[in-house]
Amino acid sequence: MSKLWLNAATFHPVHTFENGQCFRWHREGDAFIGVIDEAVVCVTRAEDGSGYWAEVVLGSLTEMRLKAYFDEATDYGVIMSTLRERDEWLQKAIDFGGGLRLLQQDPFEMLLSFIISSNNNIPKIRMSIEDLCQKYGRLLGNYDGKDYYAFPTLEKLANLDEEAFAVKAVGYRAKALYRTVRKLSDEAIDLDMPMQMALEDGVLWLRQFYGVGEKVAHCISLFGYHQTDAYPIDTWVKQLLTTLYGVEANANAYKAFIETYFVTYRGYAQQVLFYYMRSHYSKSKT
DNA sequence: TTTCAGGTGGTGC
DNA sequence: GCACCACCTGAA
């Protein structure tokens, strides 16, 4: 069984799993349990607090894939100290959300997950994805009294009619899931293609799918293809740009500011600021 | 019971 | 090329 050590200096499970980039992790007491590809992984804190163990508890996953998923090859010490020197907001955001990792998730899963995410909120997105996995994903087994399912394969989903995509809380997005799956299957599209593309080409390529606009394409690029220059502009990013950085409230100004101001480690900067903003300025928390 | 959150696609100018 | 609105549903 694969097992990976994650140093507490550069990894924090809450800041990593609860910042909106992934939908298949949850807390179980002191542990975090999630599904990666065809495996269930449990993350627990070491007794001395110096780090965490990520251990495959069901299914199989290579150590190489586990390392890649947690972005182990990236030097977070350098990235965070560089960003911290940039300005006081990044400093505050990193003080708050240190240990946030940019996970390298599966492109197909990200494509469908972020189609579901449009005009939607996280609890509902999770509900839809869990229902989709339970209905059409492979049962990986039972761990600690709970059944876990893999994300469904394209082959499985390609055999379904549109009504079958009407999973819990998904609403009108069922049509977009269906059309995307149909296109992928009918045209035998290779989802690895964006890996060879520059960010802007990849974004354009991803937008060929119904339900994928600019924002969703950037999310898929960032979380599914590890394009660390991607910059999803959602309501929270708009809010942080206008309130923290004094950017004018229009789409061109947002884009221009991000491209010129966040030059190095853009995706990492975006994610820590987004997490900071969500945690501090959310209406439900006041 | 009503209001709110939340991107994309389509329409109309 | 821009502004507007419909789309849906759980949570508050």
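Within every chain, numbering begins at 1; the chains are lettered A, B, ... in the order of the sequence lines, protein sequences first and strands thereafter.
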Seminar exercise, completed: Ordered by number, residues from residues 111-126 of chain A within less than 4.0 Å of DNA chain B (heavy atoms) are Ser118(A), Asn119(A), Asn120(A), Asn121(A), Lys124(A)
Problem set entry | salt bridge (Lys or Arg N to Asp or Glu O under 4.0 Å) between Lys238(A) and Asp234(A), intermediate numbers included | CA-CA 6 Å; Lys238(A) 287 176 190 169; Asp234(A) 72 343; over 6 Å; no
Problem set entry | Of residues 169-183 of chain A, the positions that come close to DNA chain B - non-hydrogen atoms, cut-off under 4.0 Å | Tyr172(A), Arg173(A)
Problem set entry | Value in whole Å for how far the P atom of dA5(B) lies from CE of Met127(A) | 18 Å
Exercise. Should the pair Arg138(A) and Tyr149(A) be classed as cation-pi, given the thresholds of under 6.0 Å to the six-membered ring centre and 45° from the axis?
Worked result: no
Problem set entry | Residue pair Tyr265(A), Asp229(A): steps toward the side chain to side chain donor-acceptor pair (under 3.5 Å) verdict | CA-CA 7 Å; Tyr265(A) 310 129; Asp229(A) 280 340; over 6 Å; no
Exercise. Nearest-Å distance, CZ (Phe165(A)) to P (dT9(C))?
Worked result: 17 Å
Seminar exercise, completed: Atom CG of Asp131(A) and atom C1' of dC8(C) are separated, to the nearest Å, by 15 Å
Seminar exercise, completed: Between Phe11(A) and the options Tyr52(A), Tyr76(A), Trp53(A), the ring-ring contact (aromatic ring centres under 6.0 Å, His included) test singles out Tyr52(A)
Problem set entry | Lys/Arg cation over aromatic Tyr210(A): Arg179(A), 6.0 Å, 45° cone | yes
For this session: Indicate, with yes or no, if the rings of Phe32(A) and His26(A) have centres closer together than 6.0 Å.
Result: no
Problem set entry | Contact under 4.0 Å: Trp236(A) side-chain N or O vs dA5(B) OP1/OP2 | no
For this session: Show the numbers, then the answer: is there a salt bridge (Lys or Arg N to Asp or Glu O under 4.0 Å) between Glu28(A) and Lys146(A)?
Result: CA-CA 11 Å; Glu28(A) 202 78 64; Lys146(A) 249 188 91 149; 5.1 Å; no
Exercise. Does the pair Glu162(A)/Lys175(A) count as a salt bridge with the N-to-O cut at 4.0 Å?
Worked result: no
Exercise. Contacts to DNA chain B from residues 215-233 of chain A, heavy-atom cutoff under 4.0 Å, which residues?
Worked result: Lys215(A), Val216(A)
For this session: Please confirm whether Tyr231(A) and Phe262(A) have ring centers closer than 6.0 angstrom.
Result: no
Problem set entry | Trp89(A) vs Leu273(A) side-chain heavy atoms within contact, under 4.5 Å | yes
